[in-house]
Protein chains: 2
Amino acid sequence: MTGQSLIQDDAMVFSASTPETPSRWKRRKEARPEEILGAALELFTEKGFAATRMDDVAKLAGISKGTLYNYFESKESIFHAVVQELIAPQIEEFESMIARYDGPTDHLLRQLIRTWWTRVGETRLSAIPKIVISESGNFPELAQYFVDNVVKRARKLFTDIISKGVVTGEFNTVEPRTVARLIVAPLVYATIWQHSLQPFDDDYLSDEYIDTHIKFILRSLIKDQRIDL
Amino acid sequence: MTGQSLIQDDAMVFSASTPETPSRWKRRKEARPEEILGAALELFTEKGFAATRMDDVAKLAGISKGTLYNYFESKESIFHAVVQELIAPQIEEFESMIARYDGPTDHLLRQLIRTWWTRVGETRLSAIPKIVISESGNFPELAQYFVDNVVKRARKLFTDIISKGVVTGEFNTVEPRTVARLIVAPLVYATIWQHSLQPFDDDYLSDEYIDTHIKFILRSLIKDQRIDL
DNA sequence: TGTTATTTAATGACTGGTCAGTCATTAATT
DNA sequence: AATTAATGACTGACCAGTCATTAAATAACA
(Lines give C-alpha, C1' and ligand atoms only; values in the text may rest on other atoms or scores of the structure.)
Protein backbone atom coordinates (compact mmCIF):
# COMPACT_ATOMS: atom_id res chain seq x y z
CA MET A 1 0.00 0.00 0.00
CA THR A 2 1.37 3.39 -0.94
CA GLY A 3 0.93 6.49 1.14
CA GLN A 4 -2.27 7.31 -0.72
CA SER A 5 -4.62 9.21 1.54
CA LEU A 6 -8.32 8.89 1.97
CA ILE A 7 -8.82 12.57 1.45
CA GLN A 8 -10.87 13.70 -1.50
CA ASP A 9 -8.74 15.84 -3.69
CA ASP A 10 -11.70 16.68 -5.86
CA ALA A 11 -12.96 18.88 -3.07
CA MET A 12 -12.94 21.96 -5.24
CA VAL A 13 -13.92 21.27 -8.79
CA PHE A 14 -14.26 24.25 -11.07
CA SER A 15 -14.22 22.39 -14.34
CA ALA A 16 -17.20 22.92 -16.61
CA SER A 17 -17.71 19.19 -17.06
CA THR A 18 -20.99 19.22 -15.17
CA PRO A 19 -22.50 22.70 -15.52
CA GLU A 20 -25.10 21.99 -12.84
CA THR A 21 -22.55 22.31 -9.98
CA PRO A 22 -21.73 25.99 -9.63
CA SER A 23 -22.53 25.70 -5.93
CA ARG A 24 -19.77 27.14 -3.78
CA TRP A 25 -19.85 24.24 -1.37
CA LYS A 26 -21.84 21.15 -0.40
CA ARG A 27 -23.30 20.04 2.90
CA ARG A 28 -21.70 16.75 3.81
CA LYS A 29 -22.26 16.34 7.50
CA GLU A 30 -21.62 12.59 7.53
CA ALA A 31 -18.43 12.54 5.51
CA ARG A 32 -16.64 15.40 7.26
CA PRO A 33 -15.34 13.77 10.45
CA GLU A 34 -13.61 10.94 8.65
CA GLU A 35 -12.08 13.29 6.10
CA ILE A 36 -10.87 15.62 8.80
CA LEU A 37 -9.24 12.77 10.73
CA GLY A 38 -7.60 11.48 7.56
CA ALA A 39 -6.17 14.88 6.75
CA ALA A 40 -5.01 15.39 10.32
CA LEU A 41 -3.32 12.00 10.44
CA GLU A 42 -1.43 12.78 7.28
CA LEU A 43 -0.21 16.15 8.47
CA PHE A 44 0.53 15.10 12.05
CA THR A 45 2.66 12.30 10.62
CA GLU A 46 4.58 14.60 8.37
CA LYS A 47 5.01 17.64 10.62
CA GLY A 48 4.16 16.56 14.13
CA PHE A 49 1.33 17.99 16.16
CA ALA A 50 2.64 21.45 16.99
CA ALA A 51 3.82 22.29 13.49
CA THR A 52 0.56 21.28 11.86
CA ARG A 53 -1.67 24.28 11.13
CA MET A 54 -5.40 23.97 11.40
CA ASP A 55 -5.70 25.91 8.15
CA ASP A 56 -3.73 23.16 6.46
CA VAL A 57 -5.83 20.40 7.95
CA ALA A 58 -8.91 22.22 6.69
CA LYS A 59 -7.44 22.75 3.25
CA LEU A 60 -6.42 19.10 2.91
CA ALA A 61 -9.88 18.04 4.06
CA GLY A 62 -11.40 20.35 1.46
CA ILE A 63 -13.16 22.67 3.92
CA SER A 64 -12.58 25.94 5.73
CA LYS A 65 -11.09 26.28 9.15
CA GLY A 66 -14.38 27.30 10.70
CA THR A 67 -15.94 24.03 9.61
CA LEU A 68 -13.35 22.06 11.53
CA TYR A 69 -14.74 23.57 14.68
CA ASN A 70 -18.25 22.44 13.85
CA TYR A 71 -17.01 18.89 14.21
CA PHE A 72 -14.22 19.01 16.77
CA GLU A 73 -13.68 21.05 19.90
CA SER A 74 -10.01 21.79 19.40
CA LYS A 75 -6.82 20.72 17.72
CA GLU A 76 -6.08 18.42 20.62
CA SER A 77 -9.45 16.71 20.38
CA ILE A 78 -8.73 15.91 16.74
CA PHE A 79 -5.47 14.36 17.80
CA HIS A 80 -7.26 12.29 20.39
CA ALA A 81 -9.93 11.18 17.93
CA VAL A 82 -7.34 10.11 15.38
CA VAL A 83 -5.83 7.71 17.85
CA GLN A 84 -9.09 6.51 19.32
CA GLU A 85 -11.06 5.92 16.13
CA LEU A 86 -8.35 4.29 14.13
CA ILE A 87 -6.58 2.10 16.66
CA ALA A 88 -9.24 0.65 18.92
CA PRO A 89 -10.98 -1.46 16.25
CA GLN A 90 -7.66 -3.06 15.29
CA ILE A 91 -6.77 -4.18 18.77
CA GLU A 92 -10.18 -5.75 19.18
CA GLU A 93 -9.69 -7.69 16.00
CA PHE A 94 -6.41 -9.10 17.25
CA GLU A 95 -7.95 -10.06 20.56
CA SER A 96 -10.73 -12.01 18.92
CA MET A 97 -8.32 -13.59 16.46
CA ILE A 98 -6.43 -15.09 19.37
CA ALA A 99 -9.55 -16.13 21.22
CA ARG A 100 -10.72 -18.06 18.16
CA TYR A 101 -7.40 -19.77 17.53
CA ASP A 102 -6.75 -23.41 18.23
CA GLY A 103 -3.50 -24.96 17.06
CA PRO A 104 0.25 -24.94 17.61
CA THR A 105 1.37 -21.89 19.55
CA ASP A 106 4.27 -21.09 17.25
CA HIS A 107 1.87 -20.86 14.33
CA LEU A 108 -0.32 -18.47 16.25
CA LEU A 109 2.64 -16.29 17.10
CA ARG A 110 3.85 -16.28 13.51
CA GLN A 111 0.37 -15.45 12.27
CA LEU A 112 -0.09 -12.64 14.78
CA ILE A 113 3.14 -10.96 13.77
CA ARG A 114 2.31 -11.27 10.07
CA THR A 115 -1.22 -10.00 10.53
CA TRP A 116 -0.02 -7.06 12.58
CA TRP A 117 2.41 -6.19 9.83
CA THR A 118 -0.18 -6.23 7.05
CA ARG A 119 -2.94 -4.57 9.08
CA VAL A 120 -0.87 -1.91 10.82
CA GLY A 121 2.72 -1.84 9.63
CA GLU A 122 1.86 -1.47 5.97
CA THR A 123 -1.10 0.89 6.35
CA ARG A 124 -1.53 4.51 7.36
CA LEU A 125 -2.08 3.30 10.93
CA SER A 126 1.66 2.82 11.10
CA ALA A 127 2.00 6.58 11.53
CA ILE A 128 0.31 6.66 14.91
CA PRO A 129 3.12 5.39 17.15
CA LYS A 130 5.45 8.05 15.82
CA ILE A 131 2.92 10.81 16.47
CA VAL A 132 2.07 9.67 19.97
CA ILE A 133 5.71 9.25 20.90
CA SER A 134 6.67 12.62 19.48
CA GLU A 135 3.96 14.45 21.39
CA SER A 136 3.89 12.44 24.60
CA GLY A 137 5.58 15.22 26.55
CA ASN A 138 3.02 17.82 25.52
CA PHE A 139 -0.08 15.63 25.73
CA PRO A 140 0.19 13.42 28.77
CA GLU A 141 -3.46 12.39 28.74
CA LEU A 142 -3.14 11.16 25.19
CA ALA A 143 0.03 9.30 26.04
CA GLN A 144 -1.66 7.70 29.02
CA TYR A 145 -4.65 6.73 26.91
CA PHE A 146 -2.36 5.15 24.33
CA VAL A 147 -0.36 3.22 26.90
CA ASP A 148 -3.47 1.91 28.63
CA ASN A 149 -5.54 1.10 25.57
CA VAL A 150 -2.99 0.12 22.97
CA VAL A 151 0.40 -0.70 24.44
CA LYS A 152 -0.77 -2.72 27.41
CA ARG A 153 -3.37 -4.64 25.47
CA ALA A 154 -0.88 -5.42 22.71
CA ARG A 155 1.71 -6.45 25.25
CA LYS A 156 -0.81 -8.74 26.90
CA LEU A 157 -1.62 -10.44 23.61
CA PHE A 158 1.98 -11.43 23.08
CA THR A 159 2.67 -12.20 26.72
CA ASP A 160 -0.30 -14.57 26.87
CA ILE A 161 0.76 -16.41 23.74
CA ILE A 162 4.30 -16.90 24.99
CA SER A 163 3.12 -17.98 28.43
CA LYS A 164 0.88 -20.52 26.81
CA GLY A 165 3.75 -21.90 24.75
CA VAL A 166 5.91 -22.19 27.85
CA VAL A 167 3.16 -23.88 29.85
CA THR A 168 2.39 -26.44 27.14
CA GLY A 169 6.08 -27.19 26.80
CA GLU A 170 6.24 -26.04 23.19
CA PHE A 171 8.57 -23.15 24.10
CA ASN A 172 11.71 -22.93 26.19
CA THR A 173 11.36 -21.40 29.63
CA VAL A 174 11.58 -17.65 29.14
CA GLU A 175 10.27 -14.51 30.78
CA PRO A 176 7.15 -13.88 28.67
CA ARG A 177 6.97 -10.12 29.23
CA THR A 178 10.57 -9.56 28.22
CA VAL A 179 10.24 -11.67 25.12
CA ALA A 180 6.96 -9.96 24.22
CA ARG A 181 8.82 -6.68 24.21
CA LEU A 182 11.61 -8.07 22.09
CA ILE A 183 9.04 -9.24 19.57
CA VAL A 184 7.22 -5.93 19.41
CA ALA A 185 10.28 -3.66 19.39
CA PRO A 186 11.46 -4.34 15.81
CA LEU A 187 7.89 -4.10 14.54
CA VAL A 188 7.07 -0.75 16.08
CA TYR A 189 10.54 0.54 15.38
CA ALA A 190 10.04 -0.22 11.69
CA THR A 191 6.87 1.89 11.61
CA ILE A 192 8.57 4.78 13.35
CA TRP A 193 11.44 4.53 10.93
CA GLN A 194 9.15 4.57 7.89
CA HIS A 195 7.58 7.79 9.01
CA SER A 196 10.69 9.61 10.11
CA LEU A 197 14.14 8.80 8.75
CA GLN A 198 13.36 6.35 5.95
CA PRO A 199 12.96 9.20 3.42
CA PHE A 200 16.54 10.23 4.15
CA ASP A 201 17.96 6.76 3.74
CA ASP A 202 18.60 5.10 0.38
CA ASP A 203 18.53 1.67 1.98
CA TYR A 204 15.04 0.23 2.23
CA LEU A 205 13.60 -2.17 4.76
CA SER A 206 12.96 -5.34 2.84
CA ASP A 207 10.36 -8.02 3.56
CA GLU A 208 13.29 -10.06 4.71
CA TYR A 209 13.35 -7.91 7.84
CA ILE A 210 10.07 -9.30 9.16
CA ASP A 211 10.79 -12.81 7.93
CA THR A 212 14.16 -12.90 9.62
CA HIS A 213 12.73 -11.41 12.78
CA ILE A 214 10.12 -14.16 12.99
CA LYS A 215 12.71 -16.81 12.24
CA PHE A 216 15.12 -15.56 14.90
CA ILE A 217 12.47 -15.26 17.58
CA LEU A 218 11.05 -18.70 16.92
CA ARG A 219 14.48 -20.28 16.82
CA SER A 220 15.07 -19.06 20.35
CA LEU A 221 11.62 -20.04 21.55
CA ILE A 222 10.99 -23.44 20.04
CA LYS A 223 12.59 -26.32 21.91
CA ASP A 224 12.95 -28.78 19.12
CA GLN A 225 15.47 -27.07 16.80
CA ARG A 226 14.31 -27.82 13.30
CA ILE A 227 16.01 -25.36 10.97
CA ASP A 228 13.00 -24.94 8.70
CA LEU A 229 10.92 -21.87 7.73
CA MET B 1 22.47 7.00 35.74
CA THR B 2 19.48 9.09 36.65
CA GLY B 3 18.13 11.86 34.50
CA GLN B 4 20.31 14.33 36.33
CA SER B 5 21.25 17.19 34.03
CA LEU B 6 24.51 18.97 33.67
CA ILE B 7 22.86 22.33 34.16
CA GLN B 8 23.99 24.38 37.08
CA ASP B 9 21.05 24.97 39.30
CA ASP B 10 23.07 27.29 41.44
CA ALA B 11 22.84 29.79 38.65
CA MET B 12 21.13 32.34 40.85
CA VAL B 13 22.36 32.25 44.40
CA PHE B 14 20.97 34.85 46.74
CA SER B 15 22.14 33.31 49.95
CA ALA B 16 24.34 35.50 52.15
CA SER B 17 26.94 32.78 52.55
CA THR B 18 29.54 34.79 50.68
CA PRO B 19 28.69 38.46 51.10
CA GLU B 20 31.16 39.48 48.43
CA THR B 21 28.98 38.28 45.55
CA PRO B 22 26.18 40.76 45.13
CA SER B 23 27.01 40.90 41.42
CA ARG B 24 23.93 40.57 39.25
CA TRP B 25 25.61 38.14 36.90
CA LYS B 26 28.95 36.63 36.00
CA ARG B 27 30.85 36.48 32.74
CA ARG B 28 31.35 32.84 31.86
CA LYS B 29 32.08 32.81 28.17
CA GLU B 30 33.61 29.34 28.17
CA ALA B 31 30.95 27.54 30.17
CA ARG B 32 27.91 28.93 28.36
CA PRO B 33 27.78 26.84 25.18
CA GLU B 34 27.85 23.53 27.01
CA GLU B 35 25.26 24.67 29.51
CA ILE B 36 23.00 25.92 26.77
CA LEU B 37 23.24 22.62 24.89
CA GLY B 38 22.53 20.68 28.06
CA ALA B 39 19.46 22.76 28.81
CA ALA B 40 18.24 22.50 25.23
CA LEU B 41 18.72 18.73 25.16
CA GLU B 42 16.67 18.38 28.30
CA LEU B 43 13.79 20.52 27.04
CA PHE B 44 13.80 19.18 23.49
CA THR B 45 13.55 15.70 24.94
CA GLU B 46 10.65 16.60 27.15
CA LYS B 47 8.64 18.86 24.86
CA GLY B 48 9.99 18.40 21.36
CA PHE B 49 11.59 21.12 19.33
CA ALA B 50 8.61 23.27 18.42
CA ALA B 51 7.13 23.38 21.91
CA THR B 52 10.38 24.34 23.58
CA ARG B 53 10.58 28.08 24.27
CA MET B 54 13.89 29.86 24.02
CA ASP B 55 13.02 31.68 27.25
CA ASP B 56 12.86 28.33 28.98
CA VAL B 57 16.16 27.16 27.54
CA ALA B 58 17.70 30.38 28.79
CA LYS B 59 16.13 30.04 32.21
CA LEU B 60 17.30 26.46 32.61
CA ALA B 61 20.78 27.44 31.48
CA GLY B 62 20.74 30.23 34.07
CA ILE B 63 20.98 33.10 31.59
CA SER B 64 18.72 35.49 29.72
CA LYS B 65 17.34 34.94 26.27
CA GLY B 66 19.55 37.57 24.72
CA THR B 67 22.63 35.71 25.87
CA LEU B 68 21.56 32.63 23.96
CA TYR B 69 21.94 34.62 20.79
CA ASN B 70 25.48 35.61 21.67
CA TYR B 71 26.41 31.95 21.35
CA PHE B 72 24.03 30.50 18.78
CA GLU B 73 22.50 31.86 15.60
CA SER B 74 19.03 30.47 16.10
CA LYS B 75 16.92 27.85 17.77
CA GLU B 76 17.57 25.49 14.91
CA SER B 77 21.34 25.90 15.17
CA ILE B 78 21.15 24.87 18.82
CA PHE B 79 19.26 21.78 17.78
CA HIS B 80 21.91 21.01 15.22
CA ALA B 81 24.73 21.57 17.68
CA VAL B 82 23.15 19.29 20.25
CA VAL B 83 23.22 16.41 17.82
CA GLN B 84 26.60 17.18 16.36
CA GLU B 85 28.55 17.83 19.55
CA LEU B 86 27.18 14.98 21.56
CA ILE B 87 26.92 12.15 19.08
CA ALA B 88 29.96 12.35 16.83
CA PRO B 89 32.55 11.56 19.53
CA GLN B 90 30.65 8.43 20.54
CA ILE B 91 30.54 6.96 17.07
CA GLU B 92 34.25 7.50 16.67
CA GLU B 93 34.88 5.67 19.89
CA PHE B 94 32.93 2.67 18.69
CA GLU B 95 34.76 2.64 15.38
CA SER B 96 38.14 2.58 17.06
CA MET B 97 36.99 -0.05 19.54
CA ILE B 98 36.25 -2.38 16.67
CA ALA B 99 39.44 -1.58 14.83
CA ARG B 100 41.45 -2.51 17.92
CA TYR B 101 39.60 -5.74 18.61
CA ASP B 102 41.05 -9.14 17.98
CA GLY B 103 39.20 -12.21 19.19
CA PRO B 104 36.05 -14.28 18.66
CA THR B 105 33.43 -12.37 16.67
CA ASP B 106 30.56 -13.25 18.96
CA HIS B 107 32.42 -11.70 21.88
CA LEU B 108 32.96 -8.52 19.90
CA LEU B 109 29.28 -8.33 19.02
CA ARG B 110 28.26 -8.91 22.61
CA GLN B 111 30.70 -6.29 23.81
CA LEU B 112 29.58 -3.74 21.25
CA ILE B 113 25.93 -4.09 22.25
CA ARG B 114 26.76 -3.84 25.94
CA THR B 115 29.02 -0.83 25.43
CA TRP B 116 26.41 0.92 23.34
CA TRP B 117 23.91 0.37 26.09
CA THR B 118 26.07 1.82 28.85
CA ARG B 119 27.50 4.68 26.78
CA VAL B 120 24.32 5.73 25.02
CA GLY B 121 21.25 3.85 26.22
CA GLU B 122 21.76 4.69 29.85
CA THR B 123 22.94 8.28 29.42
CA ARG B 124 21.32 11.52 28.36
CA LEU B 125 22.45 10.77 24.80
CA SER B 126 19.60 8.31 24.66
CA ALA B 127 17.26 11.26 24.14
CA ILE B 128 18.65 12.20 20.76
CA PRO B 129 17.01 9.56 18.58
CA LYS B 130 13.59 10.54 19.86
CA ILE B 131 14.18 14.20 19.13
CA VAL B 132 15.56 13.67 15.65
CA ILE B 133 12.74 11.31 14.76
CA SER B 134 10.08 13.62 16.12
CA GLU B 135 11.35 16.61 14.16
CA SER B 136 12.54 14.91 10.99
CA GLY B 137 9.63 16.28 8.99
CA ASN B 138 10.34 19.87 9.97
CA PHE B 139 14.13 19.73 9.80
CA PRO B 140 15.13 17.69 6.80
CA GLU B 141 18.75 18.81 6.82
CA LEU B 142 19.13 17.68 10.40
CA ALA B 143 17.51 14.36 9.60
CA GLN B 144 19.82 13.90 6.64
CA TYR B 145 22.84 14.77 8.76
CA PHE B 146 21.78 12.24 11.36
CA VAL B 147 21.18 9.47 8.84
CA ASP B 148 24.50 10.06 7.11
CA ASN B 149 26.66 10.57 10.18
CA VAL B 150 25.05 8.39 12.79
CA VAL B 151 22.67 5.82 11.37
CA LYS B 152 24.77 4.73 8.43
CA ARG B 153 27.97 4.57 10.40
CA ALA B 154 26.32 2.61 13.17
CA ARG B 155 24.74 0.28 10.68
CA LYS B 156 28.10 -0.30 9.07
CA LEU B 157 29.69 -1.20 12.38
CA PHE B 158 27.23 -3.99 12.95
CA THR B 159 27.09 -5.10 9.32
CA ASP B 160 30.87 -5.46 9.20
CA ILE B 161 30.98 -7.53 12.36
CA ILE B 162 28.31 -9.90 11.15
CA SER B 163 29.90 -10.23 7.72
CA LYS B 164 33.16 -11.09 9.37
CA GLY B 165 31.49 -13.78 11.49
CA VAL B 166 29.86 -15.27 8.41
CA VAL B 167 33.10 -15.22 6.43
CA THR B 168 35.12 -16.88 9.17
CA GLY B 169 32.43 -19.52 9.55
CA GLU B 170 31.66 -18.56 13.14
CA PHE B 171 28.14 -17.45 12.20
CA ASN B 172 25.41 -19.03 10.11
CA THR B 173 24.88 -17.63 6.63
CA VAL B 174 22.63 -14.60 7.06
CA GLU B 175 22.02 -11.28 5.33
CA PRO B 176 24.28 -9.01 7.42
CA ARG B 177 22.37 -5.77 6.80
CA THR B 178 19.05 -7.25 7.81
CA VAL B 179 20.46 -8.79 10.95
CA ALA B 180 22.26 -5.54 11.79
CA ARG B 181 18.91 -3.80 11.75
CA LEU B 182 17.32 -6.45 13.92
CA ILE B 183 20.09 -5.98 16.45
CA VAL B 184 19.80 -2.21 16.52
CA ALA B 185 16.00 -2.01 16.53
CA PRO B 186 15.35 -3.14 20.13
CA LEU B 187 18.20 -0.96 21.37
CA VAL B 188 17.07 2.27 19.76
CA TYR B 189 13.44 1.45 20.47
CA ALA B 190 14.27 1.16 24.15
CA THR B 191 15.76 4.66 24.19
CA ILE B 192 12.76 6.11 22.40
CA TRP B 193 10.48 4.38 24.84
CA GLN B 194 12.38 5.71 27.85
CA HIS B 195 11.92 9.26 26.67
CA SER B 196 8.32 9.04 25.58
CA LEU B 197 5.88 6.51 26.97
CA GLN B 198 7.87 4.93 29.80
CA PRO B 199 6.62 7.58 32.27
CA PHE B 200 3.07 6.49 31.55
CA ASP B 201 3.78 2.80 32.04
CA ASP B 202 4.13 1.14 35.43
CA ASP B 203 6.07 -1.73 33.91
CA TYR B 204 9.78 -1.03 33.64
CA LEU B 205 12.32 -2.28 31.17
CA SER B 206 14.59 -4.55 33.13
CA ASP B 207 18.22 -5.36 32.44
CA GLU B 208 16.88 -8.70 31.34
CA TYR B 209 15.69 -6.99 28.17
CA ILE B 210 19.21 -6.39 26.86
CA ASP B 211 20.51 -9.70 28.18
CA THR B 212 17.75 -11.66 26.49
CA HIS B 213 18.15 -9.69 23.30
CA ILE B 214 21.84 -10.56 23.13
CA LYS B 215 21.13 -14.17 23.95
CA PHE B 216 18.44 -14.52 21.27
CA ILE B 217 20.52 -12.86 18.58
CA LEU B 218 23.58 -14.95 19.29
CA ARG B 219 21.57 -18.13 19.44
CA SER B 220 20.43 -17.50 15.89
CA LEU B 221 23.87 -16.46 14.69
CA ILE B 222 26.23 -18.94 16.27
CA LYS B 223 26.50 -22.25 14.48
CA ASP B 224 27.54 -24.46 17.32
CA GLN B 225 24.49 -24.38 19.59
CA ARG B 226 25.82 -24.27 23.11
CA ILE B 227 22.97 -23.11 25.32
CA ASP B 228 25.16 -20.99 27.58
CA LEU B 229 25.12 -17.21 28.26
C1' DT C 1 48.00 50.89 44.58
C1' DG C 2 43.99 53.21 43.45
C1' DT C 3 41.35 55.61 39.80
C1' DT C 4 39.54 56.01 35.24
C1' DA C 5 38.71 54.33 30.44
C1' DT C 6 37.70 50.62 27.36
C1' DT C 7 35.86 46.42 26.09
C1' DT C 8 32.36 43.14 25.82
C1' DA C 9 29.26 39.65 28.32
C1' DA C 10 24.77 39.85 29.68
C1' DT C 11 20.24 41.82 30.02
C1' DG C 12 15.15 42.17 29.06
C1' DA C 13 11.66 45.19 26.97
C1' DC C 14 10.08 45.23 22.53
C1' DT C 15 8.62 43.94 17.63
C1' DG C 16 6.78 41.47 13.93
C1' DG C 17 4.90 37.35 12.45
C1' DT C 18 2.25 33.26 13.26
C1' DC C 19 -1.73 30.69 14.36
C1' DA C 20 -5.64 28.49 17.35
C1' DG C 21 -9.99 29.50 18.00
C1' DT C 22 -14.37 32.82 17.30
C1' DC C 23 -18.48 34.53 15.30
C1' DA C 24 -21.26 37.35 12.29
C1' DT C 25 -22.51 36.35 7.73
C1' DT C 26 -23.68 33.52 3.60
C1' DA C 27 -25.98 30.11 1.21
C1' DA C 28 -27.28 25.10 0.60
C1' DT C 29 -30.90 22.24 1.92
C1' DT C 30 -35.37 21.07 3.63
C1' DA D 1 -39.49 30.48 5.12
C1' DA D 2 -36.79 28.11 8.38
C1' DT D 3 -32.86 25.59 9.45
C1' DT D 4 -28.16 24.82 9.77
C1' DA D 5 -23.67 23.61 7.24
C1' DA D 6 -20.06 26.23 5.80
C1' DT D 7 -17.34 30.36 5.39
C1' DG D 8 -13.26 33.42 6.32
C1' DA D 9 -11.98 37.85 8.33
C1' DC D 10 -10.75 38.84 12.75
C1' DT D 11 -8.64 38.69 17.61
C1' DG D 12 -5.81 37.70 21.27
C1' DA D 13 -2.00 35.02 22.85
C1' DC D 14 2.33 33.42 22.15
C1' DC D 15 7.13 33.50 20.99
C1' DA D 16 11.63 33.74 18.04
C1' DG D 17 14.71 36.95 17.39
C1' DT D 18 16.51 42.14 18.04
C1' DC D 19 18.96 45.85 20.04
C1' DA D 20 19.69 49.78 23.05
C1' DT D 21 21.24 49.67 27.67
C1' DT D 22 23.74 47.94 31.84
C1' DA D 23 27.51 46.44 34.28
C1' DA D 24 31.40 42.97 34.89
C1' DA D 25 36.04 42.38 33.63
C1' DT D 26 40.21 44.20 32.13
C1' DA D 27 43.51 47.54 30.56
C1' DA D 28 45.60 52.04 30.89
C1' DC D 29 47.23 55.40 33.50
C1' DA D 30 48.62 58.27 37.51
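Letters go in sequence order (proteins before strands), and every chain restarts at 1.
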Requested in this report: In sequence, state the C-alpha distance, the side-chain angles, and the governing distance for B:D56 and B:K47, and then conclude on salt bridge (charged side-chain N to carboxylate O under 4.0 Å, His left out).
Outcome: CA-CA 11 Å; B:D56 289 344; B:K47 301 171 180 300; 5.2 Å; no

Query raised in the report: Checking side chain to side chain contact (heavy atoms under 4.5 Å, CB included) for the pair B:V188/B:T191: CA distance, chi angles, key distance, verdict?
Result: CA-CA 5 Å; B:V188 178; B:T191 67; 4.2 Å; yes

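The A:S64 side chain lies nearest to D:dG8 when the options are D:dG8, C:dA20, D:dA5. Among the nucleotides C:dT29, C:dA10, D:dG17, the one closest to any side-chain atom of B:R28 is C:dA10. Listed candidates were C:dG21, D:dA24, D:dT7. Nearest to the side chain of B:W25 is D:dA24. Comparing C:dC19, C:dG21, C:dT26 by their nearest atom to the side chain of A:R24 picks out C:dT26.
A donor-acceptor contact under 3.5 angstrom links the side-chain atoms of A:R27 to the base of D:dT4. Applying the 3.5 Å distance criterion, the base of C:dA20 shares a donor-acceptor pair with the side chain of A:K65.
Contact annotation: B:Y71 reaches the phosphate of C:dA10 (side-chain N/O to OP1 or OP2, under 4.0 Å). Regarding contacts with the backbone of C:dA28, every side-chain N or O of A:K26 stays at 4.0 angstrom or more from both OP1 and OP2. For the pair B:R32 and C:dA10, the criterion of a side-chain N or O lying under 4.0 Å from OP1 or OP2 is met.
Atom NZ of A:K47 is separated from atom C1' of C:dC19 by 14 Å (rounded to the nearest Å). Between the CD atom of A:E30 and the P atom of C:dT29 there is a distance of 12 Å, rounded to whole Å. Regarding B:R53, its CZ atom lies at a distance of 9 Å from the P atom of D:dC14, rounded to whole Å. Counting to the nearest Å, the P atom of C:dT11 and the NZ atom of B:K59 are 14 Å from each other. If you measure from atom CG of A:L68 to atom C1' of D:dT7, you get 12 Å, rounded to the nearest angstrom.
Nearest-nucleotide positions on DNA chain C place A:D55 closer to the 5' end than the other of A:D55 and A:N70. Where A:A50 and A:T67 meet DNA chain C, the nucleotide closest to each residue was compared, and A:A50 sits on the side nearer the 5' end.
Within 4.0 Å of B:T52, counting heavy atoms only, lie sugar-phosphate atoms of the nucleic acid but no base atom.
Put simply, the side chain of B:E46 never gets that close to the backbone of A:G137: no donor and acceptor are under 3.5 Å apart.
Between A:D211 and A:R114, at least one side-chain N (NZ, or NE/NH1/NH2) sits under 4.0 Å from a carboxylate O, which counts as a salt bridge. For A:R177 and B:D201, the salt-bridge test fails: no basic side-chain N is under 4.0 Å from an acidic carboxylate O.
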